[in-house]
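This one's a predicted model, so the numbers in the text were calculated from it and none came from an experiment.
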Amino acid sequence: MILHTRPGFWRDLWALIHPYWKSEEKVAAWALLLGVIGLTLGLVYMEVRFNKWNNAFFNSLQNKDQAQFFRLMLQFAVLATIYIVLYIYSVYVNQWLQIRWRRWLTDRYLREWLTERTYYRMQLTGSSTDNPDQRIADDLRLFVENTLDLVLGGLNAIVTLFAFLFILWGLSGALEFTWNGQTYELYGYMVWVAAAYAIVGTWLTHKVGKRLIPLQFDQQRYEADFRYNLVRFRENMEGVALYRGEQGELEGFRTRFRNVANNWWAIMKRIKLLNTFRYGYNQAAIVFPYLVTAPRYFSGKFTLGDLTQTAGAFGQVQGALSWFINVYVLFATWKATVDRLTGFHRSVVQAQADRAAQPGVATVGDAGSTLALEHVDLLLPNGRALLSDANLEIQPGARVLVRGPSGAGKSTLFRAIAGIWPFGRGRVRVPHAFDALFLPQRPYFPLGSLRAAVAYPSLPGKYSDQQVKEALIDVGLAHLCERLDEEANWSMQLSGGEQQRVAFARALLQQPAWLFLDEATSALDDSAQARLHDLLAERLTRTTIVSIAHRPGVAQFHDSTPS
C-alpha cells in the first residue's frame with residue numbers, strides 16, 4: 001500500500017468529515033460543494049479547449065496563415081476571459097465553503113470540549129491531548145482547507161485524466177517495434193508511457209517523503225508548546241518579575257524553540273530530498289513528450305500543431321497521474337492534522353465515558369432548601385483520600401466558615417459542591433434551584449471590557465451602567481467607574497486586591513441565594529476585609545454564605561464552623 005495509516009484511521013476520518021454534510025447546514029454545504037465541483041469541471045473543459053486551440057495556433061504559424069493567426073488570437077482572448085472568471089469564482093466559492101465548514105466544526109468541538117466540563121476532567125487526569133486550543137484554532141482550519149484542496153485537486157486530476165486520455169490516445173497512433181523478428185504495434189503508446197512514468201514517480205516520491213507525516217505531526221505540537229509557554233509567561237509577568245525569573249524563563253523558551261528548530265531541520269532535509277526528486281521529475285516531464293514524439297514530427301507524420309497538442313495532452317495526463325507526487329507535502333501536513341484532531345476527539349469521548357462510568361460525588365437536586373453532604377469521600381486523581389465520610393447540613397441564611405490545615409481538601413469540597421470534582425463518592429443534596437456563586441481566591445477575568453468583567457458570568461448587558469457603577473463604588477473601586485467600556489487584560493491591569501473587590505461587586509450585582517468564598521479576601525487588609533463582609537451582611541440578607549479562610553479575623557463574620 002502507498003498510504004500507511006494506523007488502525008482505525010479511516011473510520012476516525014469518516015467520523016470527522018461526514019457529520020457536517022448531514023447537519024442542519026447540509027443544503028448550503030452541498031450547494032456550495034456542487035458549485036465548486038461545477039466550476040472545477042468548467043476549468044478542465046477550458047483546458048481541453050486550450051489544447052485544441054494550441055494545435056490550430058501552431059499550425060497557423062507553420063502555414064504562415066496570418067488571417068487564421070488573428071482569428072485564433074481573438075478566440076484566445078475569449079477563452080482566457082472565461083477561464084479567469086471560472087477560476088476567480090472557483091476560489092471564492094471554495095473559501096465560502098471553507099469558512100462555513102470550519103465554523104460548524106469549531107462550534108461542535110467547542111461544545112464537546114465544554115459540555116459537562118469535559119475540559120476540566122481532561123486537565124485533571126493529565127490527558128495526553130496537548131494544546132487543545134491549538135487543535136481547535138489551527139488544526140481545524142488546516143483540516144478544512146487541506147481536505148477541500150485534496151478532494152477537489154484529486155477530482156480535477158481524475159477529470160483531467162479522462163478528458164485528455166482519449167485525446168492523447170488518438171494523437172499517439174500506433175508504435176511499431178520488432179521483437180524476435182516479429183513486428184508489433186502498441187496502440188496509444190503515449191498513454192502507456194505517461195502511466196509508467198507517473199507510477200514510478202509516485203512510488204519513489206512516497207519512499208522519499210513518507211517520513212514527513214510524523215515530522216509534521218511533531219512540528220505542530222512543538223510550535224503549540226512554544227506558543228503556549230509565551231502566552232503563559234505573558235499572563236504571569238508580575239510573578240516572574242518579582243522572582244527575577246527571567247533567566248529561567250529564557251532557558252525554557254530556548255528549550256521549547258530548540259525542539260521547534262531541530263524538528264524543522266529534519267523537515268527541511270526531508271523536503272530537500274523530496275524536492276530534488278519532484279522538480280527533476282517535473283522538469284524531465286516537460287521535454288519527455290517532445291523526445292518521444294520527435295521522430296514522428298521529423299518524419300512528416302506530425303504537424304507542428306500535432307506535436308504541441310500531443311505534448312500538451314501528455315503533460316495533462318502525466319500531471320493528473322502524478323497528482324499525488326505534487327501534493328505529497330500537503331498530504332503529509334493533512335495527515336498529521338487529521339491524527340491530531342481525531343486524537344483530540346478520542347480524548348474528549350474518553351473523558352465523557354469516564355465521567356459516565358465514574359461520576360464521582362453525585363449532586364442531587366432536592367425539594368428542600370438545605371444543602372447537605374451525605375457520606376462524601378473526596379479523592380485526588382491519584383486515588384489518595386482528602387476527605388472521608390463527610391456529613392454536613394447547611395441551612396439557608398446561615399453564615400458558615402470552613403477551616404482546616406492547608407491541603408485538607410477545603411477547596412476541593414467547594415468543587416464537589418459545585419459539581420465539577422470527578423473523583424470521590426457520596427452525595428451532595430442541593431436545593432432544586434441552586435442559585436450559587438463561587439468566588440475563588442484568584443477571580444477569573446474574561447477578555448473584553450471592564451463592564452463584561454464585572455458582570456461575569458452574566459452577559460454585560462444584563463445590568464445598567466448605574467448598577468455596575470454603584471457596585472464598583474460600594475466595593476471601593478470608584479476610580480474604575482469611567483472605564484467600563486475600556487477593553488484590556490484586566491487580570492494584568494488590576495492588583496490582586498482590586499481583582500477580589502471586583503469579585504465582590506459581581507456578588508452584589510447577581511444577588512445569589514448561595515455564595516461560596518474561597519480565601520476571597522486573602523489579598524486585602526483587615527479593614528477592607530471587614531468592610532466587604534459587612535457589605536455582604538447588609539446587601540445580601542437572604543444569601544447563605546459559606547467561606548474558606550485561614551485568617552482568624554474572618555470568623556467574626558460567620559455564625560458557625562463545622563467540625
**Q** Do N94 and Q98 pass the side chain to side chain donor-acceptor pair (under 3.5 Å) test, and can you show the C-alpha distance, the side-chain angles, and the key distance before you say yes or no?
**A** CA-CA 6 Å; N94 190 336; Q98 282 181 26; 3.1 Å; yes
**Q** State whether R256 and D225 are salt-bridged, where the test is any N-O pair (Lys NZ or Arg NE/NH1/NH2 against Asp/Glu carboxylate O) under 4.0 Å.
**A**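 No salt bridge links R256 with D225.
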**Q** Would Y20 and E24 count as a side-chain contact (heavy atoms from CB on, under 4.5 Å) here? Give the steps.
**A** CA-CA 8 Å; Y20 175 65; E24 68 284 355; over 6 Å; no
**Q** Surrounding CZ of R100 (heavy atoms of other residues, nucleotides or ligands, distance under 6.0 Å), is the total greater than 12?
**A**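 Correct, the count exceeds 12.
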**Q** Say you draw a straight line from CD of E47 to CD of Q316; how long is it, rounded to the nearest 0.5 Å?
**A**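 Here the rounded value is 5.0 Å.
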**Q** Could you measure the distance from the CG atom of L480 to the CH2 atom of W490? Nearest 0.5 Å is fine.
**A**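 Going from CG on L480 over to CH2 on W490, the span is 6.5 Å.
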**Q** State, yes or no, whether a side-chain contact exists between L517 and V546 at a heavy-atom distance under 4.5 Å.
**A** no
**Q** Please give me the minimum heavy-atom distance between A320 and A157, naming the atom from each residue.
**A** CB-O, 3.1 Å
**Q** Once rounded to the nearest 0.5 Å, what's the spacing between atom CZ of R135 and atom OG1 of T342?
**A** 8.5 Å
**Q** Check whether E498 reaches the backbone of S495 with its side chain - one donor and one acceptor, N or O, closer than 3.5 Å.
**A** yes
**Q** Is the shortest heavy-atom distance from the side chain of T337 to the side chain of T147 under 4.5 Å?
**A** no
**Q** Do E251 and R254 sit within salt-bridge range, that is, some charged N less than 4.0 Å from a carboxylate O?
**A**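 Yes, this pair counts.
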**Q** Quick check: do D518 and F438 have side-chain heavy atoms less than 4.5 Å from each other?
**A**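 Not in contact.
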**Q** Around atom OH of Y228, are there more than 12 heavy atoms from other residues, nucleotides or ligands closer than 6.0 Å?
**A** no
**Q** Go through it in stages, so that I can follow the logic: the residues are D107 and R103, the test is salt bridge (charged side-chain N to carboxylate O under 4.0 Å, His left out), and I'd like the CA-CA distance, side-chain angles, deciding distance and then a yes or no.
**A** CA-CA 6 Å; D107 184 70; R103 180 186 62 192; over 6 Å; no
**Q** Evaluate whether atom CZ of F226 has more than 12 neighbouring non-hydrogen atoms of other residues, nucleotides or ligands under 6.0 angstrom away.
**A**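 For F226, atom CZ is crowded (more than 12 foreign heavy atoms under 6.0 Å).
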**Q** Would the distance check show the side chain of H18 and the main-chain N or O of W14 forming a donor-acceptor pair, the cut-off being under 3.5 Å?
**A**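 Judged by distance alone, yes, a pair lies under 3.5 Å.
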**Q** Quick check on salt bridge (Lys or Arg N to Asp or Glu O under 4.0 Å): which of R221, R340, R102, R227 does D138 satisfy it with?
**A**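 Exactly one pass, corresponding to R227.
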**Q** Under the side-chain contact (heavy atoms from CB on, under 4.5 Å) criterion, do Y456 and R506 qualify, and how do the steps go?
**A** CA-CA 7 Å; Y456 190 83; R506 292 171 179 171; 4.0 Å; yes
**Q** Could you walk me through whether D465 and R451 satisfy the salt bridge (charged side-chain N to carboxylate O under 4.0 Å, His left out) test, starting with their C-alpha distance in whole Å, then the side-chain angles of each, then the deciding distance to 0.1 Å, before giving a yes or no?
**A** CA-CA 8 Å; D465 285 6; R451 182 196 311 277; 2.2 Å; yes
**Q** Who pairs with A385 by side chain to side chain contact (heavy atoms under 4.5 Å, CB included), at least two apart in sequence or on another chain?
**A** L379, S388
**Q** Under the 3.5 angstrom rule, does the side chain of Q500 hit a backbone N or O of A523 as a donor-acceptor pair?
**A** yes
**Q** Grab the two heavy atoms, one from A332 and one from L212, that are nearest each other, plus how far apart they are.
**A** CB-CB, 3.7 Å
**Q** Test your reading of the model: is there a side-chain donor-acceptor pair from E487 to the backbone of G448, 3.5 Å cut-off?
**A**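 No, because the side chain of E487 does not come within donor-acceptor range (under 3.5 Å) of the backbone of G448.
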**Q** A quick test of your reading: do over 12 heavy atoms of other residues, nucleotides or ligands sit less than 6.0 Å from CH2 of W104?
**A**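 Above 12, so yes.
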**Q** Heavy-atom distance under 4.5 Å between the side chains of L509 and Q467, does that happen here?
**A**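 They are in contact (side-chain heavy atoms under 4.5 Å apart), so the answer is yes.
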**Q** So L41 and L39, do their side chains get closer than 4.5 Å, heavy atoms only?
**A**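 Side chain of L39 against side chain of L41, heavy atoms only: no contact under 4.5 Å found.
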**Q** With ring centroids as reference points, do F253 and F233 lie under 6.0 angstrom apart?
**A** yes
**Q** More than 12 foreign heavy atoms under 6.0 Å from CZ of F434: is that the case here?
**A**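 Counting other residues, nucleotides and ligands, CZ of F434 exceeds 12 neighbours.
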**Q** Side-chain contact, heavy-atom cut-off 4.5 Å: V475 with L532?
**A**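 The answer is yes, as the side chains (C-beta and beyond) meet within the 4.5 Å cut-off.
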**Q** Using the ring of Y463 (Phe, Tyr or Trp, six-membered ring only), decide whether K469 places NZ or CZ under 6.0 Å from its centre and within 45 degrees of its axis.
**A**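 Geometry flag: not set, cation outside 6.0 Å or 45°.
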**Q** Output the distance between atom CG (L524) and atom CZ (R551), rounded to the nearest 0.5 Å.
**A**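 The distance works out to 7.0 Å.
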**Q** So among W421, F516, W514, which one has a ring pair (Phe, Tyr, Trp, His ring centres under 6.0 Å) with F414?
**A** F516
**Q** Give a yes or no answer on whether the side chain of N263 reaches the backbone of L215 with a donor-acceptor pair at less than 3.5 Å.
**A** yes
**Q** At what distance, to the nearest 0.5 angstrom, does CG of N156 lie from OG1 of T40?
**A** 6.5 Å
**Q** Using a 4.5 Å cut-off on heavy atoms from C-beta on, say whether the side chain of L380 contacts that of L386.
**A**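 Heavy-atom side-chain distance check passes, below 4.5 Å.
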**Q** In this structure, are over 12 heavy atoms from other groups packed under 6.0 Å from L447 atom CG?
**A**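 No.
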**Q** Given F143 and D139, is the side-chain contact (heavy atoms from CB on, under 4.5 Å) satisfied, shown in steps?
**A** CA-CA 6 Å; F143 168 73; D139 287 344; 6.0 Å; no
**Q** Step by step, work out the side chain to side chain donor-acceptor pair (under 3.5 Å) result for Q216 and Q220.
**A** CA-CA 6 Å; Q216 291 285 10; Q220 292 179 42; 5.3 Å; no
**Q** Salt bridge check: are E112 and R108 linked by an N-O gap of less than 4.0 Å?
**A**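 Result for this pair is yes, salt bridge flagged.
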**Q** Let me confirm one number: the OG-NE2 distance from S522 to H550, rounded to the nearest 0.5 Å.
**A** 10.5 Å
**Q** Please examine the side chains of Q510 and L437, heavy atoms only from C-beta on, and report whether any two atoms are closer than 4.5 Å.
**A**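 In contact.
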**Q** Under the 3.5 angstrom rule, does the side chain of K410 hit a backbone N or O of P405 as a donor-acceptor pair?
**A** yes
**Q** Less than 6.0 Å separating the ring centroids of W21 and W101?
**A** yes
**Q** Is it true that F344 and Y109 have ring centroids separated by less than 6.0 Å?
**A** yes
**Q** Give a yes or no on whether the backbone of A549 and the side-chain of S547 come within a donor-acceptor separation of less than 3.5 Å.
**A** no
**Q** Are T521 and F504 close enough, and set up right, to give a side-chain contact (heavy atoms from CB on, under 4.5 Å), and what steps lead you there?
**A** CA-CA 9 Å; T521 57; F504 274 81; 3.5 Å; yes
